[in-house]
Each structure stands twice: as C-alpha cells, then as structure tokens.
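Throughout, protein chains are lettered first and strands after them, A, B, ... in sequence-line order, and every chain is numbered starting at 1.
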Amino acid sequence: MPRYRRPTGTLDILPEDQPHWDHVRNRARHLAELAGFERIDVPMFEATEVFARSIGAGTDTVDKEMYTFTDKGGHSLTLRPEFTAGVMRAFIENGLHVRPRPLKLYSVGATFRYERPQAGRYRQFAQFNAEILGEQGADADVEIMMLVWDLYAGLGFQDLAFQLNSTGCPQCKPVYVSRLEAHYAGYPDTICKDCVRRLTLSPLRVLDCKAAQCQPVIGRAPHFLDYVCEECAEHFATLRDYLDLLGREYVVNHRLVRGLDYYTKTVFEVWAAGIGAQAAVCGGGRYDGLIELLGGPPTPGVGVGVGLERIILVMKSLNVPVPPLPAPRVFLAHLGTAARREAVRLANAFRGEDLATWMSFGDRRLRSQLREAGKRSADFVVILGEDELAQGVASVKEMATGDQVEVGLVNLIGWLKSRL
RNA sequence: GUGGGUGUAGCCUAAUGGUUAAGGCACCUGGUUGUGGCCCAGGAGACUGUGGGUUCAAAUCCCAUCACUCACCCCA
C-alpha cells in the first residue's frame with residue numbers, strides 16, 4: 001500500500017513496455033511522413049471554448065468528460081480531450097490557410113477525458129492524429145483511411161474492416177433528423193430513458209443505443225444514406241469506389257454515428273478484438289464546417305484520431321513482436337580504486353565512440369559484477385584489475401562463448417567496434 | 001454518475017476464527033586470493049487497502065470507505 005498512487009485512469013509506462021510504444025509511434029510517424037503529412041504540436045490545454053464550440057454542447061465529451069480548470073488569471077482552460085479542435089485553432093491562428101493546399105498535419109500525444117476507466121479506456125490516453133485541410137474530395141478521405149489501415153496492417157492486425165457511414169451536411173442532416181424523430185415518435189413508451197434524452201440532445205446518437213428494448217426501434221429506423229443530398233451521396237459513392245479499388249474491406253454501418261458534433265459526410269471507425277468491450281481503435285471523418293465555426297475561412301477537412309493504448313492492447317493480445325530494448329554491448333568491470341578510476345575514463349571514452357556501455361559502480365567482487373553483466377545481457381565484459389593496469393591491457397570476456405583475451409588499452413575501442 | 005467482482009511484500013500465491021502471517025519468482029550478499037548462467041546458504045522486503053464493529057481471539061465474520069478491475073453511459 002504505497003502512500004501515493006497514480007491518479008485514477010492514468011498509466012505508468014514502464015521500461016519493459018517502451019518497445020511497444022516506440023514501435024507504434026515510429027510506425028505511425030513513418031507512414032504519415034511517407035504520405036506527406038507534417039508534424040504539428042499544439043498545447044495540451046486550450047481555452048475551454050475551443051473544445052466546447054467545436055465538439056459541441058450536448059455531447060458527453062463536453063458535458064461531463066472535460067478536465068476544465070481556471071488558471072490564476074481567471075481563464076477557463078481545458079486539457080485537450082482530442083486533437084482536432086486545437087489543430088484547427090492553430091491553423092486559424094497561424095494563418096496556415098495561406099499555405100499550399102491541401103495541408104496535411106499529424107500529431108502524437110496525450111489526451112484527457114474524465115471517465116470511469118475500464119479495459120482500453122483511460123483518463124489520460126495517447127492519440128495519433130492526422131488531418132487533411134483544404135480538400136473536399138473523397139480522395140482525401142480515402143488517404144486518411146489508408147493511413148490508419150496501413151498502420152494496423154503493418155502491426156499485424158487481422159480481419160481489418162472499416163465501419164462506414166455518412167452523417168450528411170447542413171442541407172440533408174436536418175431532413176434526416178426530422179425523419180428519425182418522426183420514427184421515434186411512434187414508440188414513445190418503448191425506448192429507453194437514455195434515448196428519450198438523446199432525442200432532444202443529440203438525436204443521431206439513438207442509433208448507437210445498446211439497450212435491448214431499443215433494438216427493434218433502431219432496426220426499423222430510416223437510414224441516413226437514404227436521405228443524404230445528391231452531393232453527399234456522390235461523395236459517399238466515390239469513397240466506396242476508392243475503397244473497392246484498393247480492395248479494403250468496409251461495412252456500411254447505418255448505426256455508426258460519432259459523439260462529436262462537427263462531423264459531416266464521411267464518418268468511420270476501425271474495430272478490433274482484444275480490448276475488452278471496447279472495439280474502436282480509431283475514429284474519424286470529415287468536418288467541412290469546423291474551421292469556419294471557429295472563426296476561420298471556410299475550409300473543408302477530414303481527419304482521424306487513433307488510440308495508442310488500444311493498439312498496444314490488441315498487439316499484446318495478438319503477441320505481435322516488437323523490436324527489443326537496446327542492451328548495453330560492453331560491461332566495464334573493475335577491481336580496486338585505481339582500476340575503477342580507469343573504468344570511469346573508459347566508460348566515457350566508449351560512449352564517445354558510440355559504444356553502448358554499462359559501468360559497474362562501487363566496489364564489488366568480480367563474481368558479482370559478472371553476474372550483473374549476464375543479467376544485463378552484455379556482449380563483452382572488459383575486466384580491469386591490478387595485473388591488467390600494470391601491463392596497460394584489459395581482459396575482455398565474450399559472454400556468449402566465455403572466451404577471454406587480453407587487449408591493449410590503446411586498442412580497446414577499435415577491438416570492440418570491430419566485433420560489435 | 002450507475003452496477004458486478006477483487007483487495008495478503010515489487011509480482012504470483014498460502015494460511016479449519018487461535019503462537020512471531022507461510023512459500024515461489026524477482027532483488028541483495030556469500031559459497032577462500034580476480035570470472036556470469038545451474039546449484040547451495042543466508043538476507044532484506046507486509047502495521048493483511050483504510051476505518052469501525054462482533055469476539056477471550058480477526059488476514060479470516062459484519063458494516064462503511066477507498067482503490068483496483070470489469071461492464072453500462074460514451075468513446076480512442
């Protein structure tokens with residue numbers, strides 16, 4: 001029972017987990033840069049209004065999940081619950097709309113939502129985020145989708161498929177919503193109380209309800225895709241054509257809606273097994289009105305947010321191999337004060353030559369130092385004792401074979417480098 | 001915010017209500033002069049999550065609380 005514990009919903013990522021994290025982040029960065037995405041880092045907190053405006057009052061994220069605080073200047077600030085809003089603010093504030101279009105941006109970092117933790121859900125969690133700004137065509141949508149697909153495929157995910165739907169545009173969305181409301185008006189006593197609430201706050205969300213009593217109503221609900229306008233229909237058809245062209249699996253999911261208000265046209269998720277009850281490893285879509293809503297020039301956009309913890313959970317459930325932690329190649333063992341002094345000098349010289357070196361500290365028996373060298377998986381142990389010092393040499397033991405030779409101190413670095 | 005499950009060393013586990021809470025892994029030290037892995041010996045490490053209650057006696061029974069965990073809501 002330690003006195004201090006990490007805050008609820010946070011994670012300590014220990015050294016043994018770092019290979020997974022490095023691998024995922026490196027893959028994501030590599031793929032993003034291959035496609036011409038440039039990195040942007042935005043603050044971990046923003047004026048609360050940035051999120052409240054873009055994500056939308058009435059969404060759970062804004063209403064009950066934000067880490068909001070007042071700073072000493074009396075400003076209401078909020079830890080970012082997602083990336084898109086802050087990136088859009090930065091786009092506007094830095095005048096990025098004058099750059100060649102489209103602009104492709106990616107970010108990696110922590111996001112925060114105040115929720116009850118469970119498998120695959122944390123209060124601080126990491127996201128990889130990518131956006132394409134200034135392009136309205138479905139070819140931008142598909143590029144975003146391919147970016148995440150290639151990430152998952154490259155990490156060894158099986159049975160990939162997109163969940164795909166359209167949430168229309170300001171022209172057709174109201175039409176559909178009123179149809180949906182009319183449909184639900186026919187079942188006032190059948191639906192769950194959450195859906196009653198949803199119908200006034202965020203009507204599309206009723207489609208996502210999991211309560212058993214609501215399933216028949218949802219099953220008979222009208223499909224958004226039957227009510228989208230001509231432009232939205234064409235956009236969706238083009239996107240499907242690209243996905244077919246690329247041979248990527250997708251499921252048109254009429255019940256797929258997203259919890260953020262800013263989405264228009266395309267919405268998608270990728271689901272994977274291995275994260276408990278959670279399935280989504282990413283979520284994204286198009287948000288053509290968002291930048292204008294935040295006070296910028298009308299600029300279409302499409303983007304995706306990827307949950308890194310969830311990816312790692314899936315990788316672990318699939319036993320995906322990752323590059324291991326680098327081990328020290330050379331272990332410096334020493335006997336006696338004079339030898340330790342020489343070891344201090346050598347450790348520094350080795351590292352200056354890019355040799356990964358672990359120096360034994362203190363005054364310990366050789367046996368104990370060799371045990372440690374074994375535990376640390378060193379390839380070579382350089383042994384410095386009085387005999388060696390007197391002759392200007394070191395005994396070098398190769399741990400894998402047990403072979404041991406004497407090497408002149410002046411030749412040590414060259415000798416080691418030729419063998420590592 | 002709601003509901004279920006679980007709390008014994010860093011990790012895993014043991015202890016019919018009855019001595020000083022036991023073992024394994026991991027850690028540290030030693031096993032004759034300066035040589036790893038195996039083995040042997042020893043050591044350190046726990047106010048049994050916390051607070052009440054029942055009892056002659058509580059890790060064990062009861063209550064509360066906190067934490068963790070899973071699920072709901074919702075989402076990455």
For this session: For E388(A), report the nucleic acid contact type (base, sugar-phosphate, nothing); a contact means any heavy atom under 4.0 Å.
Result: base
Exercise. Any salt bridge (Lys or Arg N to Asp or Glu O under 4.0 Å) pairs touching residues 330-340 of chain A, not counting sequence neighbours?
Worked result: none
Seminar exercise, completed: Per the under-4.0 Å heavy-atom filter, residues of residues 373-384 of chain A near RNA chain B come out as K375(A), I383(A)
Atom pairs and distances, side-chain donor-acceptor, residues 401-416 of chain A, under 3.5 Å, sequence neighbours left out:
from, atom 1, to, atom 2, distance (Å)
T401(A), OG1, D403(A), N, 3.1
T401(A), OG1, D403(A), OD2, 3.3

Exercise. Can you find a heavy atom in the side chain of V206(A) that is under 4.5 Å from one in the side chain of C214(A)?
Worked result: no
For this session: Please list, by residue number, the residues of residues 267-282 of chain A whose heavy atoms come closer than 4.0 Å to an atom of RNA chain B; answer none if no residue qualifies.
Result: G276(A), A277(A), Q278(A), A280(A), V281(A), C282(A)
Exercise. T61(A) near the nucleic acid: base, sugar-phosphate alone, or nothing, with a heavy-atom cut-off under 4.0 Å?
Worked result: nothing
Exercise. Which whole number of Å gives the distance between the C1' atom of G3(B) and that of A76(B)?
Worked result: 24 Å
Problem set entry | First of E82(A) and P7(A) reached from the 5' end of RNA chain B, by closest nucleotide | P7(A)
For this session: Using the six-membered ring wherever Trp is involved, compare the ring planes of H223(A) and H254(A) and label them parallel, tilted or perpendicular (cut-offs 30° and 60°).
Result: parallel
Problem set entry | Sugar-phosphate, base or nothing in reach of D387(A), heavy atoms under 4.0 Å | base
For this session: Fill in the dot-bracket string of RNA chain B, one character per base: . for unpaired, | for a pair to another strand, ( ) or [ ] for pairs within the strand, taking Watson-Crick or G-U pairs under 3.5 Å.
Result: (((((((..((((....[...)))).(((((.......))))).....(((((..]....))))))))))))....
Exercise. Given the C1' atoms of A59(B) and G7(B), what is the spacing between them in whole Å?
Worked result: 11 Å
Exercise. Say you pick atom P in C28(B) and the same atom in A44(B); how far apart are they, in whole Å?
Worked result: 16 Å
Problem set entry | H23(A): side chain to side chain donor-acceptor pair (under 3.5 Å) partners, not counting sequence neighbours | none
Exercise. Which part of the nucleic acid does T59(A) contact within heavy-atom distance under 4.0 Å: base, sugar-phosphate only, or nothing?
Worked result: nothing
For this session: Pick the P atom in A15(B) and in U54(B), then give their distance to the nearest Å.
Result: 28 Å
Exercise. For residues 402-420 of chain A, which residues have at least one heavy atom under 4.0 Å from RNA chain B?
Worked result: G402(A), Q404(A)
Would you list the atom pairs, donor with acceptor, under 3.5 Å between side chains in residues 317-324 of chain A and any protein atom, with sequence neighbours excluded?
from, atom 1, to, atom 2, distance (Å)
S317(A), OG, V314(A), O, 2.9

Problem set entry | ring pair (Phe, Tyr, Trp, His ring centres under 6.0 Å) pairs, two or more places apart, involving residues 334-357 of chain A | none
For this session: Can you tell me which residue pairs pass the ring pair (Phe, Tyr, Trp, His ring centres under 6.0 Å) test with a partner in residues 299-328 of chain A, sequence neighbours excluded?
Result: none
Problem set entry | Distance between P atoms of C11(B) and A26(B) (Å, rounded) | 16 Å
Problem set entry | C1'-based separation of U50(B) from C66(B) [nearest Å] | 7 Å
Taking only distance into account, with no hydrogens and no angle test, what donor-acceptor pairs under 3.5 Å do side-chain atoms of residues 6-15 of chain A form with protein atoms, sequence neighbours excluded?
from, atom 1, to, atom 2, distance (Å)
R6(A), NE, T10(A), O, 3.0
R6(A), NH1, D12(A), OD2, 3.2
T10(A), OG1, P7(A), O, 2.6

Exercise. Just checking, any donor-acceptor pair under 3.5 angstrom between side chains of Y250(A) and D244(A)?
Worked result: yes
For this session: With heavy atoms under 4.0 Å as the rule, sort Q127(A) into base, sugar-phosphate or nothing.
Result: sugar-phosphate
Under 3.5 Å, side-chain donor or acceptor atoms of residues 130-138 of chain A against the rest of the protein: list the pairs with distances, not counting sequence neighbours.
from, atom 1, to, atom 2, distance (Å)
E131(A), OE1, Y287(A), OH, 2.2
E131(A), OE2, T84(A), OG1, 2.8
E135(A), OE2, G137(A), N, 2.7

Exercise. For R367(A) and C40(B), what is the distance between atoms CZ and C1' respectively, to the nearest whole Å?
Worked result: 11 Å
For this session: Find the distance R116(A):CZ to A76(B):C1' and express it as a whole number of Å.
Result: 19 Å
Problem set entry | Span that lies between the C1' atom of A58(B) and that of C62(B), in whole angstrom | 11 Å
Exercise. Contact class for E386(A) (heavy atom, under 4.0 Å): base, sugar-phosphate, or nothing?
Worked result: base
